[in-house]
Amino acid sequence: MSDISNNTPETTEKQENISRKSSVINKLKSFTEAFGKMTWHLFLPYKEMIRGKGITRRWLFTTFSLLGTMLAIIFIISVSLINSYYYSNIQQILDERASVTSDYFAQIAFNSYSAMSENDYRLAAQSFVEGFADKDKMEIQFINGRGTTIVTSSGFEPPAGQPKPDYDIACKNGDHGSWNGQNENSEHVYAVTYILALPNYKGYRAVRLIVSLEPTDSAVRGNIILISAIMLIVLLFISLSSSYFIRSIVNPVKKITSIAGHIAGGDFSIRLEKQHDDEIGDLMDSINAMAAELALSENAKNDFISSVSHELRTPLTAIKGWSETMLMCGPEDEAMIKRGMGIIINETERLSGLVEQLLDFSRMQSGRMVMNFQMLDIIAEIDDVVFMFAEKARKEDKRLTFYEPEQAIPVMGDRDRLKQVIIIVIDNAMKYSESGGEIYVYTSVENDMLTIGVRDHGCGIPADQLPKIKQKFYKANTTKGGFGIGLAVADEIIRKHNGEFVIDSVEGEGTNVSIILPIARQNSSIGIASASEKNSTESEVNNNE
């Protein structure tokens, strides 16, 4: 703060004020240039991002709009608080000091003079100024009734006609007035004038206190620069963190998009490299898992197509071959013709079964597999299937045994579909059992649940392949024929019967398949289709269809 009571000539003081203002302006200019350069360098990494489309531009626009608004509000509030703190305090202190000073001086004058002449007033003012303790902090002036400053603590008589807006306001109000502005030296000051209530005098004699606001202005500017610097640091920090965030989110997303495009194009071997254990990392894991599953599905599909081609070609080749042979046979080759017709019939039935498997799989995939539920004796159906495989087991030198329970077990289900499941399971057991092997079919009841078990002592299933064995197109043993959809169809059928299809196997020891079904609660109005009635029931169902 300027020392108002110094003895520096007026011109020198004006030059010093101008020099100080130039210095501040230069500092602000330098700061503004530095701030602009730094902001531009911070902006450069986002330039291309802002020009493009997508979440980067949207995120930057949203973030910096909110950030800019928030910083602008904080800046305005901070500047207002700083101005209020500094200028309001000074104005309040000076107003109170001027009020106390005027009252004190009036009291002294009242006690000293009954009628104060102009000379008495001057002498009293000079005496008071000489004893004024704060001459180094503020200037005190005494003004006569003509508005002329007659005594001042600065030691220099103000120029004649110098404007005193605060005095004019005080005269108008008849009490006091204040003014905030620049004096004749272009110095920012705050002045307060109080009209003196002197005895036997009706003019506007007044006491005036003036304080320089230049140090306060410097302090305010310093605080504003500090706040601006803090905001710049905050902006820099947010920009750096935003840059890291954008790179850690947008760049992986772009890479994921590129990899997804390759996967969509059929390249299932490509994989994403996981860098962080977060949501993006989880997404990468999911895409890698999806690519692996698609690769497996693609391989399974190719194997399935190859298997279908092979399985269909075999009976067709046999049918074609024997048809050509039979065309060349004469009447004397009756045995050959009969044999050929048998083979053609068998291969046709086999071909029909393969096509039916494909249709069942198609129905399962599209959700069109409909069950025709009825009360039936599941033991009779098992017995029929075992009897159907008995001749095949004998020809292949395999032993098929059914441990049939003594009583019927009622089940609510689709007769043909349940029979189809039992056929699939026994056929697999026969297929993977060596010559001389044994296959056991048994049943057990526990907690109103029926378990139909088929046990073989064949090659078994490796432990790592066992969880996949019921998946579509999957074949644990590719040396055997089949589409790899039989177990998937069987599992779907049993699930539609509210049951479970469980496969337990040990490689080299054999496999045990459990078909678990709920036992039906029979009432008086519902009977069980016995084995003797079964054929007639099937005929009725077929006729209805």
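Numbering starts at 1 and runs along the sequence shown.
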What is the distance from atom [atom1] of [X] to atom [atom2] of [Y], rounded to the nearest 0.5 Å?
X: Asp504; Y: Glu509; atom1: CG; atom2: CD; value: 12.5 Å
X: Gln420; Y: Arg415; atom1: CD; atom2: CZ; value: 14.5 Å
X: Ile263; Y: Ile287; atom1: CD1; atom2: CD1; value: 6.5 Å
X: Arg221; Y: Leu226; atom1: CZ; atom2: CG; value: 15.0 Å
X: Ser433; Y: Asp397; atom1: OG; atom2: CG; value: 12.0 Å
X: Leu376; Y: Leu418; atom1: CG; atom2: CG; value: 6.5 Å

Does [X] reach the main-chain N or O of [Y] with its side chain, forming a donor-acceptor pair under 3.5 Å?
X: Asn288; Y: Leu272; value: yes
X: Ser505; Y: Gly510; value: yes
X: Lys496; Y: Met371; value: no
X: His497; Y: Phe373; value: no
X: Asp456; Y: Ile439; value: no
X: Ser78; Y: Ile74; value: yes

Should we count [atom1] of [X] as having more than 12 external heavy atoms under 6.0 Å?
X: Glu391; atom1: CD; answer: yes
X: Met326; atom1: CE; answer: yes
X: Met388; atom1: CE; answer: yes
X: Lys320; atom1: NZ; answer: no

Among Ile378, Asn447, Ile409, side chain to side chain contact (heavy atoms under 4.5 Å, CB included) partner for Ile519: Ile409
Considering all heavy atoms, the nearest [X]-[Y] contact:
X: Ile270; Y: Ala291; answer: O-CB, 4.2 Å
X: Trp322; Y: Gly340; answer: CE3-CA, 3.4 Å
X: Pro405; Y: Ile379; answer: CG-CD1, 3.5 Å
X: Val386; Y: Leu400; answer: O-CD2, 3.7 Å

Within-4.5 Å side-chain heavy-atom neighbours: Asp383 and Glu404: yes
Residues 260-272 vs side-chain hydrogen bond (donor to acceptor under 3.5 Å, both in side chains), sequence neighbours excluded, gives Asp267-Ser269
Result for side chain to side chain donor-acceptor pair (under 3.5 Å) between Tyr86 and one of Thr216, Asp217, Asn223 points to Asn223
